[in-house]
Amino acid sequence: MKIAIAGASGFVGSRLVERLHQEGNSVLVLTRNTAFAQKVFPSQAFPNVEIIAYTPTVSGSWQDAITGCDAVVNLAGEPIAEERWTPEHKKQILNSRQLGTQKIVEAIAKANPKPQVLVNASAIGFYGTSETATFDESSQSGNDFLSEVCLAWEAEANKVKDAGVRLVILRFGIVLGMGGALGKMITPFKLFAGGPIGSGRQWFSWIHLDDVVNLILQAIAKAQMEGVYNATAPNPIRMAELSQTMGQVMHRPSWLPVPALALEALLGDGAKVVLEGQQVLPKRTVESGFQYQYPHLPAALREILK
């Protein structure tokens with residue numbers, strides 16, 4: 001197959017490209033930074049990867065490259081929990097997803113022949129936050145900033161159906177692998193200063209990186225899959241349990257909580273992503289027949305930290 005990926009040099013995208021390449025597929029990498037993408041995917045090691053420069057929020061000649069692709073995977077978006085949510089950064093978070101998806105859909109609509117499927121990322125931020133509620137794919141959206149972003153993001157993706165193209169939306173939980181959110185948590189534990197973030201009572205709906213990649217591959221291959229699926233493991237946990245399990249796996253104490261105030265001072269409103277969680281169950285994902293390699297956190301952490 002020939003598969004176009006936006007956001008290919010990111011945490012999830014780079015693992016996905018590796019897998020697709022290993023399995024003999026051709027991959028079209030859409031990137032804002034071709035020099036970086038060439039370092040991540042050197043041509044000697046990735047002869048079947050073609051790198052194309054694009055500006056995600058602007059129409060252009062890059063859109064012509066979608067013609068002849070069998071599938072498109074859109075993972076692109078400005079990082080959410082890495083800096084303060086200034087008005088300008090909030091605008092970037094929204095535009096990178098809403099406009100970015102709009103331009104991908106525009107490219108698919110113009111393509112001849114068209115891809116068979118668009119697999120578009122979204123996030124469990126769609127549901128809002130709660131310490132008590134449980135959410136699945138049928139739950140309503142929340143009413144905070146991230147919920148609004150996800151609604152706008154998914155609304156643009158849904159327009160691809162007008163072009164007769166199958167759509168799968170994956171609402172990502174916290175993806176665990178060597179890097180990403182977990183990478184930031186490992187260092188304090190190595191220094192014997194690990195502990196839960198905030199109250200420790202907030203829900204942490206997670207998924208192992210390999211399971212995310214396998215779910216994307218299933219979404220591409222399985223024509224019956226359509227609509228929204230939660231990309232989360234079937235066993236969410238609370239932050240305190242995550243911290244305790246990390247300590248056990250790393251043979252380190254989990255005793256030094258990170259105060260909410262410290263995180264808010266650093267990230268402002270962006271701290272919400274870490275301090276307030278949601279318990280999300282992958283009901284439709286399980287019903288689709290997806291087989292998790294890592295349904296439970298201890299085995300997932302042992303594999304990542306081995």
Side-chain angles (χ1 to χ4, degrees), residues 9-15 18 36 39-40 78-86 89 93 123-125 129-132 146 172-214 231-282 292-306:
S9 50
F11 182 50
V12 174
S14 54
R15 181 68 70 91
E18 283 173 18
F36 180 70
K39 278 184 188 168
V40 178
E78 195 71 22
I80 281 175
E82 298 201 354
E83 56 184 274
R84 291 183 76 83
W85 283 359
T86 61
H89 187 50
I93 287 170
I124 58 172
T129 61
S130 175
E131 272 192 18
T132 54
L146 287 183
F172 282 34
I174 308 292
V175 181
L176 299 185
M178 192 47 80
L182 191 65
K184 294 183 175 68
M185 296 180 72
I186 287 169
T187 304
F189 277 92
K190 282 184 175 172
L191 299 172
F192 292 85
I197 296 170
S199 70
R201 288 193 48 75
Q202 68 271 40
W203 282 101
F204 190 85
S205 295
W206 60 278
I207 185 166
H208 190 289
L209 177 57
D210 288 343
D211 279 331
V212 162
V213 168
N214 287 334
T232 58
N235 298 290
I237 45 130
R238 293 192 189 265
M239 175 62 76
E241 190 184 339
L242 168 71
S243 175
Q244 191 178 10
T245 307
M246 278 187 73
Q248 287 166 354
V249 170
M250 294 180 71
H251 306 294
R252 295 288 193 275
S254 172
W255 61 281
L256 197 65
V258 178
L261 283 172
L263 210 61
E264 285 164 353
L266 191 66
L267 295 175
D269 288 349
K272 269 184 72 121
V273 178
V274 184
L275 296 173
E276 300 176 25
Q278 56 278 98
Q279 184 181 17
V280 177
L281 300 178
Y292 287 86
Q293 276 185 272
Y294 302 100
H296 297 282
L297 185 73
L301 288 180
R302 278 196 296 273
E303 191 283 326
I304 293 162
L305 299 169
K306 67 176 184 280

Nearest atoms (heavy-atom pairs only) where [X] meets [Y]:
X: P298; Y: V249; result: O-CG2, 4.3 Å
X: P236; Y: L281; result: CD-CD2, 3.8 Å
X: S254; Y: G195; result: OG-CA, 3.7 Å
X: T232; Y: P282; result: O-CG, 3.3 Å
X: P295; Y: A233; result: O-CB, 4.0 Å

(Q) For E276, give me all partners under salt bridge (Lys or Arg N to Asp or Glu O under 4.0 Å), at least two apart in sequence or on another chain. (A) K272

Any side-chain heavy-atom pair from [X] and [Y] closer than 4.5 angstrom?
X: S243; Y: F189; value: yes
X: M246; Y: I186; value: yes
X: L297; Y: L176; value: yes
X: F204; Y: I197; value: no
X: F192; Y: R252; value: yes
X: H89; Y: E82; value: no
X: Y294; Y: I207; value: no

Would you compute the distance between atom [atom1] of [X] and atom [atom2] of [Y] and round it to the nearest 0.5 angstrom?
X: T132; Y: Q278; atom1: OG1; atom2: CD; result: 12.0 Å
X: D211; Y: Q293; atom1: CG; atom2: CD; result: 5.5 Å
X: N235; Y: Y292; atom1: CG; atom2: OH; result: 9.5 Å
X: L182; Y: I174; atom1: CG; atom2: CD1; result: 10.5 Å
X: R238; Y: Q244; atom1: CZ; atom2: CD; result: 14.0 Å

[X] side-chain N/O to [Y] backbone N/O, donor-acceptor pair under 3.5 Å:
X: W85; Y: A271; answer: no
X: R84; Y: A265; answer: yes
X: H208; Y: D210; answer: yes
X: K306; Y: E303; answer: yes
X: Q202; Y: V274; answer: yes

Q: Applying side chain to side chain contact (heavy atoms under 4.5 Å, CB included), run through L242 and M185 and close with a yes or a no.
A: CA-CA 10 Å; L242 168 71; M185 296 180 72; 3.6 Å; yes

(Q) Could you go through M178 and L209, starting from their C-alpha distance and side-chain angles, then the distance that decides it, and tell me whether this counts as side chain to side chain contact (heavy atoms under 4.5 Å, CB included)? (A) CA-CA 9 Å; M178 192 47 80; L209 177 57; over 6 Å; no

Q | Residue of the set I237, V280, V175 for which side-chain contact (heavy atoms from CB on, under 4.5 Å) holds with W206 | A | I237

Q: In sequence, state the C-alpha distance, the side-chain angles, and the governing distance for L301 and M250, and then conclude on side chain to side chain contact (heavy atoms under 4.5 Å, CB included).
A: CA-CA 9 Å; L301 288 180; M250 294 180 71; over 6 Å; no

